Every structure is written in structure tokens, then in C-alpha cells.
Visitor: 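Just dropping this structure here.
Worth saying up front: this structure is predicted, and the values here are computed from it rather than measured. Just so it is clear: chains get the letters A, B, ... in the order the sequence lines come, proteins before strands, and each one is counted from 1.
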Protein chains: 2
Amino acid sequence: MAPVKVVDELCPVSLPAALLGERWTLLLLRQAFLGTRRFEDFQSEMDISRSVLAERLGTLVEEGILRREAYKDVRTRYEYRLTEKGLDLYPVLMALRKWGNRWMAPDEGPSYDLHHRSCGGGVGVHVACDECGAELTARDVRVTPLR
Amino acid sequence: MAPVKVVDELCPVSLPAALLGERWTLLLLRQAFLGTRRFEDFQSEMDISRSVLAERLGTLVEEGILRREAYKDVRTRYEYRLTEKGLDLYPVLMALRKWGNRWMAPDEGPSYDLHHRSCGGGVGVHVACDECGAELTARDVRVTPLR
DNA sequence: CCCTTGGGTTCGGAATCCGAACCGTAGCTG
DNA sequence: CAGCTACGGTTCGGATTCCGAACCCAAGGG
């Protein structure tokens, strides 16, 4: 694997990495996928300061990953919900989870489980060739610089 | 999707998220997967300060994601290489890349491309049911709290 | 000998993060 | 209607972390 020089702005990983690789953002998204929607709930379920939470929610809304929406409970409240762009991050979280289960699992095992709604099967993540369908590891992939 | 209260330490996403959701770590891993191995090369290819680079490389080594190894060039040098645990993060990076290509792609397109070495096909990432094989989105998955 | 290179470590100042306090709007209570 | 509470923030001061620049040391090379 020869080192590939990369123009950072043109690497499809670097922008998302800069966004998600900001403290709290991944945890916030996990929480969103678990169904948390309200400011207060994020704040009490994660141990994050209110100011930083407000800021992170703000940038996620700006990025179009969450949308802030008013709704009527007993009175007007707001919720932060995943947009389509946000929902599309699911594979990232699932890949993280799979890795976490394999390499950083707590002794007692996870505190929740995920299953396919309709058949009850577990959730798997796979990197596969679009052409031949073979499961791929880093070693099976060639990097071709374009510029 | 009812909100699920999660004991943070028992969520298989939270530990990896805390680790990778630290500034620079994801970018560093991307670089590692592209073949960068030496301190100086990380430093010149990414725009990171030497002190933080040293620290991040250190924690990744502590975590067993990279291993630091001496080797002989014209003289003794060191390289940071992905361990098996590190290589196993490939799906995370690929999921990030896929998302980046779809939602944050730069106008000119990516600066490099990935292909299956043996058949030339593209690299795909899939979340699928272990049982029935169906492709899954967040909506198809049920969260079951265990404790 | 002095110079260069790789791989760091060590500053001081700048940017972030945190907890705690505050604020405004709304409803509910009496 | 006066006062209280809940939500969804914003605004502080102090504690961390980050950064760039400078320094350090070992091993060659000229």
C-alpha cells in the first residue's frame, strides 16, 4: 500500500470526519437514533453541558442532519429529528457499533439490542464489492489517485 | 421510536464514539488506511500540530489500533501501522466515505477512487439483516433495552 | 566537527469546554 | 391575577485543550 497524497478537501472522508469527529457529535447522533428528540432529554441522557449541546444541535441543523420542528404537546415544544441526510448516517453508527461490540465490549454486554423488525434477525454491516459481491477488507481494495 | 434510556458505558457505540469522536482521530485513521506510516508524513499530509499528533498517535497505540514499530531504512526509523483491531475499523471509514460522497461531495468529485483489487468493482457498504439478508434502514430496526 | 533529518517534547497564548446562573415564554394553581 | 414551574435556551468565569514555534537528541554525512 503506497502512501497516497490526498488533497484534503477532495477526500470524501475528510469533511464528514471533520464534522463527526467533533466532540459529542457522534454520541448525539446515537441518541437521536435511539429516539431522543428534545433538548432537555438530550441534556439529561448525555452528560453534556447545555451550552455545548445547543451549539452542536445548531450545527447539525445547519448541516441538514437534524431539523428543528415545533409541535404541540400541552403547549408548544420543539423537537430535533433526523432528516433523510441524518438517517443516512445509520451505516456509520452500525459500523461503529459492530466494532465496539467486537473490540471494546463492556463485560456485562450491551444495554440494548437491535433486531430486524419483521424477522427478528440481528443487524450486520458489510463492506462488499459492488461488482462481484465479495466481502472486502482494506487489503482487498486498491486506492487510485485521480489527480 | 420510543426514546430508549441508555446506560452510557454499556452502549457499544459510546466508547468507540468517544475515541473516534476526538478531533483528528478519524482523519488520522483515514490517512493510515491510505498508507501513511511515519510521523513526519502524517504531520505534513494533515495540517495538524506536532504535539497533538504525538498525543493522538499515542492514544491510538495505547488502544491497540496502531502499533509503533522500528525498522531500518538507511537508519532506524519508526512506523505506525494498523493492527488487526485498527484494520477492522475499515467499515466505519467506508460508511463515512459513502455518506460523504452522497451528501458532502465536493464539486470536482473525489481525489481518489477505490476498487476491488481482483475484479475492479466499486466498494459498497450495506446494513443487512443477519437472518433474512434484507437491506436495513433505521426504521426497519427495533431497539430492545435489556436492563 | 558541524549540518541535516526524523521523531519527538516543551513552552505561552488562543480557542473550547464546562457548570452554574440567568432569562423569556407559556401554562397551571390558588 | 400573582406566583410557580417547565422548557429551551444564552451568558458568564474558570478549567482544558489546541495550536505554532521553538527546542532537544540521536544518528549519519561531508
Visitor: Identify, with sequence neighbours excluded, every residue that meets side-chain contact (heavy atoms from CB on, under 4.5 Å) alongside A:Glu131.
Guide: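 Scan of A:Glu131 (side-chain contact (heavy atoms from CB on, under 4.5 Å), adjacent residues dropped) gives A:Cys129, B:Cys119.
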Visitor: Assign B:Phe42 to base, sugar-phosphate, or nothing according to its heavy-atom contacts below 4.0 angstrom with the strands shown.
Guide: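 If one applies the 4.0 Å heavy-atom cut-off, B:Phe42 turns out to touch nothing in the nucleic acid.
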Visitor: Starting at CD of A:Gln43 and ending at C1' of D:dG9, how long is that distance when rounded to a whole Å?
Guide: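 Value for this atom pair: 11 Å.
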Visitor: Can you list the residues that meet the side-chain contact (heavy atoms from CB on, under 4.5 Å) rule with B:Ser49, with sequence neighbours excluded?
Guide: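 side-chain contact (heavy atoms from CB on, under 4.5 Å) check on B:Ser49 returns B:Ser51, B:Val52.
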Visitor: With A:Thr137, which residues qualify under side-chain contact (heavy atoms from CB on, under 4.5 Å), at least two apart?
Guide: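 side-chain contact (heavy atoms from CB on, under 4.5 Å) list for A:Thr137, sorted by chain: A:Arg139, A:Asp140.
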Visitor: Under a 4.0 Å heavy-atom cut-off, which of residues 63-70 of chain B touch DNA chain D?
Guide: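 Nothing qualifies; none.
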Visitor: For nucleotides 18-30 of chain D, read 5' to 3', which letter fits each nucleotide if B means a protein heavy atom sits under 4.0 Å from the base, S means only the sugar-phosphate is that close, and - means neither?
Guide: SBB-----BBSS-
Visitor: Among all residues two or more places apart in sequence or in another chain, which pass the side-chain hydrogen bond (donor to acceptor under 3.5 Å, both in side chains) test with B:Trp24?
Guide: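 With sequence neighbours excluded, B:Trp24 shows a side-chain hydrogen bond (donor to acceptor under 3.5 Å, both in side chains) to no residue whatsoever.
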Visitor: Rounded to the nearest angstrom, tell me the gap between atom OH in B:Tyr80 and atom P in C:dG7.
Guide: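 It is 8 Å, rounded to the nearest whole Å.
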Visitor: What is the distance from atom CG of B:Leu15 to atom CD of B:Glu63, rounded to the nearest 0.5 Å?
Guide: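 These two atoms lie 8.5 Å from each other.
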Visitor: Listing request: all salt bridge (charged side-chain N to carboxylate O under 4.0 Å, His left out) pairs with a residue in residues 80-89 of chain B, at least two apart in sequence or in separate chains.
Guide: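 Checked against salt bridge (charged side-chain N to carboxylate O under 4.0 Å, His left out) - neighbours excluded - the pairs reaching residues 80-89 of chain B are A:Arg102-B:Glu84, A:Arg102-B:Asp88, B:Glu79-B:Arg81.
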Visitor: Measure CG/A:Leu28 against P/C:dC17 and give the value in whole Å, please.
Guide: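 Between P of C:dC17 and CG of A:Leu28: 13 Å.
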Visitor: Run the salt bridge (charged side-chain N to carboxylate O under 4.0 Å, His left out) test against B:Glu55 and tell me which residues pass, sequence neighbours left out.
Guide: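 With neighbours one apart ignored, the set is empty.
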Visitor: ring-ring contact (aromatic ring centres under 6.0 Å, His included) with B:Tyr90: which residues, sequence neighbours excluded?
Guide: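 Applying ring-ring contact (aromatic ring centres under 6.0 Å, His included) to B:Tyr90 gives B:Phe33.
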